[in-house]
Structures are given as structure tokens and as C-alpha cells.
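The chains referred to below are lettered A, B, ... by the order of the sequence lines, with proteins before strands, and numbering in each begins at 1. FYI, side chains are in, hydrogens and waters are out, and symmetry mates aren't considered; it's all heavy atoms of this structure.
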Number of protein chains: 2
Amino acid sequence: MGTENSRLAVSLSVVRRLTRYLRHLEELENDGISRISSQVMANQLGLTASQIRQDLNSFGGFGQQGYGYSVEYLKSNIESILGINQKSRAILIGAGNLGRALLKNVDFSKCGVTLIGVCDCKESIIGTNVDGMVIMHIDKLSEIVKLSKPQMAILAIPPASVRKIAEQLVSLGVYGIWNFTNVDLRISDPKAIVEDVHFADSLITLRYRVGQQ
Amino acid sequence: MGTENSRLAVSLSVVRRLTRYLRHLEELENDGISRISSQVMANQLGLTASQIRQDLNSFGGFGQQGYGYSVEYLKSNIESILGINQKSRAILIGAGNLGRALLKNVDFSKCGVTLIGVCDCKESIIGTNVDGMVIMHIDKLSEIVKLSKPQMAILAIPPASVRKIAEQLVSLGVYGIWNFTNVDLRISDPKAIVEDVHFADSLITLRYRVGQQ
């Protein structure tokens with residue numbers, strides 16, 4: 001997921017690995033495991049121990065040679081590196097199947113994100129509730145953004161109006177775009193940050209691997 | 001997306017880049033561009049030209065020094081490397097918001113996948129239509145799989161029954177699992193191939209990047 005330019009690529013690949021470490025540490029915690037060595041973690045994640053140590057050492061280490069990492073301590077440190085404790089605000093654009101599925105399936109709070117609102121353009125659902133949030137009309141986007149100042153928007157709308165809405169959001173100061181629309185957003189403002197979720201890339205990869213077997 | 005062991009990591013990262021090239025070539029084609037150099041493509045994708053040339057050379061090249069690549073020729077070659085022309089069959093498990101959103105948002109055919117059926121456990125929707133497919137009861141999974149022999153299953157169900165259903169699918173010979181459930185599947189059969197879609201990893205990465213700005 002996500003497209004990045006080469007300048008950012010190094011640190012972003014670390015960020016993406018840190019999110020994997022975090023998810024793995026949560027699973028270990030759920031399984032009642034309190035200590036883990038970089039070697040065991042590497043085996044479980046399909047990485048090398050030196051890769052993991054290098055990633056963590058660049059933030060100060062967190063482990064003791066020969067003793068491994070405390071799962072709880074490492075987890076809370078990675079959370080703070082990733083800034084998950086400082087909540088950011090996001091607005092969901094699109095309350096169709098995909099938007100609703102995201103509301104149900106994503107633990108926003110655990111990702112350091114607070115949802116401040118849901119917008120749609122479908123008159124019949126405006127004012128109704130979805131997961132405890134009232135759906136507002138997309139025409140009110142500018143007012144909502146000015147009031148609640150979200151840093152991010154989640155785009156879960158059909159392709160037709162995506163580019164226009166993305167430009168509008170960025171012009172309002174909503175620079176982070178989580179893009180589920182399959183539309184390649186080329187936003188003119190260089191401050192815009194787009195994280196694409198490309199279902200097709202993932203499915204093609206799975207199909208290839210299954211075909212290779 | 002996706003977790004892989006180190007043995008597969010090299011070729012899988014190539015596969016993941018090939019899917020990105022393919023998507024980019026489609027965009028170029030839509031924009032009416034018929035030729036592209038590895039350097040221009042590298043700039044647009046945030047990669048290096050030598051990376052792209054190396055990936056493509058390992059399959060025989062497809063370009064002429066100084067002339068760049070023919071967009072159409074390269075696209076059709078990548079499609080055949082990825083095996084998209086040989087259709088694989090998939091079954092969708094879960095016809096809730098997420099399942100329906102995937103039906104609407106994923107162009108299965110373009111990914112080399114034919115959907116053979118949709119299952120759910122919710123009595124009230126069994127027999128109804130979704131995107132032209134009749135929803136069948138999950139109790140019939142074994143019969144459906146024996147009849148239509150899907151190679152892949154798409155898991156878009158709540159966490160509770162995921163592990164049991166995944167084991168059942170793999171025991172029936174459905175080795176490819178596209179996993180949207182956030183459940184870490186540790187399937188006993190080593191032939192199982194799981195491609196996870198972790199929304200949270202992507203959102204945490206976006207949140208981090210926005211926070212860094």
C-alpha cells in the first residue's frame with residue numbers, strides 16, 4: 001500500500017516495518033508472551049534479526065544483549081515513535097458499503113486516529129446514524145473541516161468526484177488522504193500526502209503465489 | 001500488505017513491484033502515452049531506473065536501449081509474467097458491508113480472478129442476490145468447493161469463526177486466503193498462502209507521515 005518518493009523511501013520503509021512489529025507485539029501480548037529475542041521475532045515475521053535490531057537501534061535500542069526485548073516495553077516505545085498516543089483527527093468521505101466496512105473493521109483509536117465525522121452525497125442517508133455518527137452532507141464539507149480541523153480524510157467514494165473532493169480537502173488544509181478509490185490522485189499541492197490502498201495489487205500477488213504452487 | 005517468509009521475499013518483492021508497474025502502465029495507456037523510459041517511470045513511481053531495468057531484465061528485458069519501453073508491449077508482458085491471463089477461481093466468504101464493498105470495488109477479472117460464489121451465515125440474506133451472485137449458506141461450503149474448485153477464498157467475516165473456516169478451506173484444497181479479518185491466521189497446512197490486508201498498518205503510516213509534516 002502507498003506510494004512514496006525516493007527521498008522518503010528509507011524512513012517510510014522503517015515506519016512500515018515498525019507497524020508490523022507493533023502488530024506482532026500485540027499478538028505476543030495476547031498470547032501471554034512477555035519477552036522476545038530479535039531472532040525469534042525475525043523468524044516469525046520473515047525478516048532477519050539484524051534488520052530488526054538495526055531498525056530498533058536507530059531509535060535507541062530498547063533491548064539488552066542476550067535478554068531480548070520486553071514485549072510491553074518495546075510495544076509502548078514503538079507506539080510512541082509512531083506517535084499513536086497523540087491523536088489525529090480524520091473525516092470519512094463516503095458512507096456506502098466500503099465506508100461502513102471501514103467504520104466496523106478499523107480500530108481507529110488504536111491507530112491514533114479520532115473520527116470527527118462522516119459525509120456523503122446521498123440525500124436519503126443524510127442525518128441517519130452509522131456506528132453512532134450522524135452522516136452529514138458533502139456540501140457542508142468546508143464548514144465541517146473549518147470547525148473540526150481534521151488532518152486526514154478517508155476517501156471511500158465512487159471515482160467520478162474523487163479528484164475534485166481531494167483537491168478541495170487539501171485546499172482546506174486536510175493534507176493526509178487515505179485513498180480507497182483506485183483513482184490515481186495527482187494533487188497539485190506538494191503538502192498533500194496520499195496513502196493508497198490498492199486491493200488489486202494484493203489480489204494479483206496472491207493469485208500469482210497460488211499459481212506458482 | 002502480506003507477510004512472507006525470507007525464502008520467498010526476494011521474488012515476492014519483485015512481484016509486488018510488477019503489480020505497481022502494471023498499474024502505472026494502465027494509467028499511462030489511459031493518458032494516451034505509448035512509450036516510456038525506465039528513468040521517467042522511476043521518477044513517477046519513486047524508484048530508481050536501475051531497479052526497474054533490473055526487475056524487467058530478469059524476465060528478458062522488453063525494452064531497447066535508448067528507445068524506452070512500449071507501454072502496450074510491456075504491459076502485456078507483465079500481465080503474462082503475473083499469469084493474469086490464466087484465470088483463477090475464488091469464493092467470497094462474507095456478504096456484509098466489507099464483502100459487498102469488495103464486490104463493487106475490486107475488478108476481479110482484471111486481476112485474473114473469477115468469482116465462483118458468495119457464502120454467508122446470515123439466514124435472512126441466503127438466496128438473495130448481491131452483484132448478480134446468489135448468496136449461499138456457509139454450511140454448504142464443502143459442497144460448493146468440491147463442485148467449483150476455487151483456488152482462493154476471500155475472508156470478509158467477523159473474527160469469531162475465521163480460524164475454523166480458514167482451516168476448513170485449506171483442508172478442502174483452497175490454499176490461497178485473502179484475509180481481511182485482522183485475525184492472524186496460523187494455518188497448520190504449509191501449503192496455505194495467506195495474503196493479509198491490514199488496514200491499520202496503512203492508517204498508522206499515513207498518520208505518522210501527516211504528523212511529521
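Top candidate by heavy-atom pairs under 4.5 Å with chain B, chosen from Val106(A), Asn105(A), Leu82(A), is Leu82(A). The residue among Leu22(B), Asn43(B), Leu103(B), Ile84(B) with the most heavy atom pairs within less than 4.5 Å of chain A is Ile84(B). Between chain A and the options Ile193(B), Leu98(B), Asp107(B), Leu18(B), the largest number of non-hydrogen pairs under 4.5 Å is found for Ile193(B). Top candidate by heavy-atom pairs under 4.5 Å with chain A, chosen from Cys111(B), Ala101(B), Gly211(B), is Cys111(B). Looking only at heavy-atom pairs under 4.5 Å with chain B, the residue among Thr181(A), Leu206(A), Val210(A) that has the most is Leu206(A). Counting heavy-atom pairs closer than 4.5 Å to chain A, the top residue among Gln212(B), His24(B), Lys110(B), Lys191(B) is Lys191(B).
Under the 30°/60° scheme for interplanar angles, the aromatic rings of Phe108(A) and Trp178(A) are found to stand perpendicular. Between Phe199(B) and Phe180(B), the two ring planes are tilted [angle within 30° to 60°].
Residues of residues 151-170 of chain B lying under 4.5 angstrom from chain A, judged on non-hydrogen atoms, are Gln151(B), Met152(B) in numerical order.
With respect to the salt-bridge test (charged N to carboxylate O, under 4.0 angstrom), the residues Arg186(A) and Asp196(A) do not qualify.
For a residue to count as touching a neighbouring chain, one of its non-hydrogen atoms must lie under 4.5 Å from one of that chain's; by this rule Lys104(B) touches chain A with the side chain only. With a 4.5 angstrom heavy-atom cutoff, Asn182(B) touches chain A only via side-chain atoms.
When only modelled atom types and interatomic distance are considered, Asn30(B) and Glu26(B) share no side-chain donor-acceptor pair under 3.5 Å. Between the side chains of Tyr21(B) and Asp55(B), at least one donor-acceptor pair of N or O atoms lies under 3.5 Å.
Nearest heavy-atom pair, Arg207(B) versus Gly112(A), reported as atom, atom and distance to 0.1 Å: CD-O, 3.1 Å.
Looking at residues two or more places apart in sequence or on another chain, you find a side chain to side chain contact (heavy atoms under 4.5 Å, CB included) between Ile116(B) and Arg89(B), Ile91(B), Ile144(B), Ser148(B), Pro150(B).
A salt bridge (Lys or Arg N to Asp or Glu O under 4.0 Å) with Asp201(A) is found for exactly one of Arg16(B), Arg17(B), Arg23(B), namely Arg23(B).
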Practice item. Apply side-chain contact (heavy atoms from CB on, under 4.5 Å) to the pair Ser109(B) and Lys87(B), showing each step before the final yes or no. Key: CA-CA 8 Å; Ser109(B) 165; Lys87(B) 292 273 177 285; 3.9 Å; yes
- [ ] Show your working on side-chain contact (heavy atoms from CB on, under 4.5 Å) between Met41(B) and Leu25(B) and close with a plain yes or no.
- [x] CA-CA 9 Å; Met41(B) 198 158 134; Leu25(B) 291 165; 4.3 Å; yes
